Amino acid sequence: IHESTAAESLTQSGQVMGTLDYMAPEQATDTHHADTQSDIYSLGCTLYFLLTGQTVYTGQSMATKILAHREQPIPSLRDQREDVSEQLDRVFKCMLAKKPEDRQESMAEVIRDLEAHWDAEEELTETASFSIGATGGDSTITHGDSDRDLTVAPPPPPPKSDSRSSG
């Protein structure tokens, strides 16, 4: 009797390995071809779930889910959340490209794309939501959330010159 190792039994032909809701199309066809691009796809599915509370594709059976990942259009994050920027939606859609070669080449590239999104969002937020208004002698600077409001006292008046002469 031949006993297979744990690694062999996990990756035998015909076996599906992974969680179907996060599985790249190529991984469902052949688990031996899963690579960095497969991980990027799975991370994209995770991002979708984190932002929407739903899986990217649904189905009643294993085959239905596998086919959905392979054949259904990539959904838009913006259809689920109005506050998602077009840039983040583009990064997400690239992560979920059906063909591995159409996805980011590495996790470093995913990180760069996401950082570019956050940098652009931060710049937009700083430009759009800072408001300076005078109330009495103080100025209030508002940056989105009220817990970040600052009240800034006006500068002190210049020193008065002494008109009395000494001496």
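In this chain, numbering begins with 1 at the start of the sequence shown. Quantities reported herein were computed from a predicted structural model and do not represent experimental measurements.
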Problem set entry | Gap between atom OH of Tyr57 and atom CZ of Arg70 - 0.5 Å precision | 12.5 Å
Exercise. Got Leu88 and Leu51 here, is their nearest side-chain heavy-atom distance under 4.5 Å?
Worked result: yes
Problem set entry | Under the side chain to side chain donor-acceptor pair (under 3.5 Å) test, residues paired with Gln37 that sit two or more places apart | none
Exercise. When you measure from the side chain of Arg78 to the backbone N and O of Val84, does any donor-acceptor pair fall under 3.5 Å?
Worked result: yes
Exercise. What is the minimum heavy-atom distance between Met62 and Leu20, and which atoms define it?
Worked result: CG-CD1, 3.1 Å
For this session: List, by chain and number, the other hydrophobic cluster members for Ile111, where Ile, Leu, Val, Met, Phe, Trp and Tyr join if side-chain heavy atoms come within less than 4.5 Å, directly or indirectly.
Result: none
For this session: Take Ile74 and Phe92 through the test side chain to side chain contact (heavy atoms under 4.5 Å, CB included) and record every step on the way to the result.
Result: CA-CA 9 Å; Ile74 301 166; Phe92 161 74; 4.0 Å; yes
For this session: Evaluate salt bridge (Lys or Arg N to Asp or Glu O under 4.0 Å) for Asp89 paired with Lys93, printing each intermediate quantity in order.
Result: CA-CA 6 Å; Asp89 201 35; Lys93 286 180 177 179; 3.6 Å; yes
Exercise. Within a strict 4.5 Å, meaning less than it, do heavy atoms of the Val56 and Pro75 side chains meet?
Worked result: yes
Exercise. How close do Gln87 and Ala116 get, heavy atom to heavy atom, and via which atoms?
Worked result: NE2-C, 3.5 Å
Only pairs under 3.5 Å count here: list side-chain donor-acceptor contacts from residues 38-45, not counting sequence neighbours, and write none if there are none.
residue	atom	partner	partner atom	Å
Ser38	OG	Glu26	OE2	2.8
Ser38	OG	Asp35	N	3.1
Tyr41	OH	His69	ND1	2.6
Ser42	OG	Tyr22	O	2.5
Ser42	OG	Ser38	O	3.2

Problem set entry | Heavy atoms of other groups near Gln60 CD, more than 12 under 6.0 Å | no
For this session: Give the minimum heavy-atom separation between Arg103 and Met95, together with the two atoms involved.
Result: CD-O, 3.2 Å
Exercise. Is atom CD of Gln54 surrounded by more than 12 heavy atoms (other residues, nucleotides or ligands) closer than 6.0 Å?
Worked result: yes
Problem set entry | Whether Tyr48 side chain and Gly53 backbone form a donor-acceptor pair below 3.5 Å | no
Problem set entry | Interatomic distance, Lys65 atom NZ to Thr19 atom OG1 [nearest 0.5 angstrom] | 9.5 Å
For this session: May I ask you to check whether over 12 heavy atoms, not counting those of Gln80, lie within 6.0 Å of atom CD?
Result: yes
Exercise. Nearest 0.5 Å, what's the CD-OG1 distance between Gln72 and Thr64?
Worked result: 10.0 Å
Exercise. Do the non-hydrogen side-chain atoms of Val91 and Gln104 ever get within less than 4.5 Å of each other?
Worked result: yes
Problem set entry | Glu86 CD to Ser76 OG distance, which is reported to the nearest 0.5 Å | 9.0 Å
Exercise. So, the side chain of Gln27 versus the backbone of Met23: is there a donor-acceptor pair under 3.5 Å, distance only?
Worked result: no
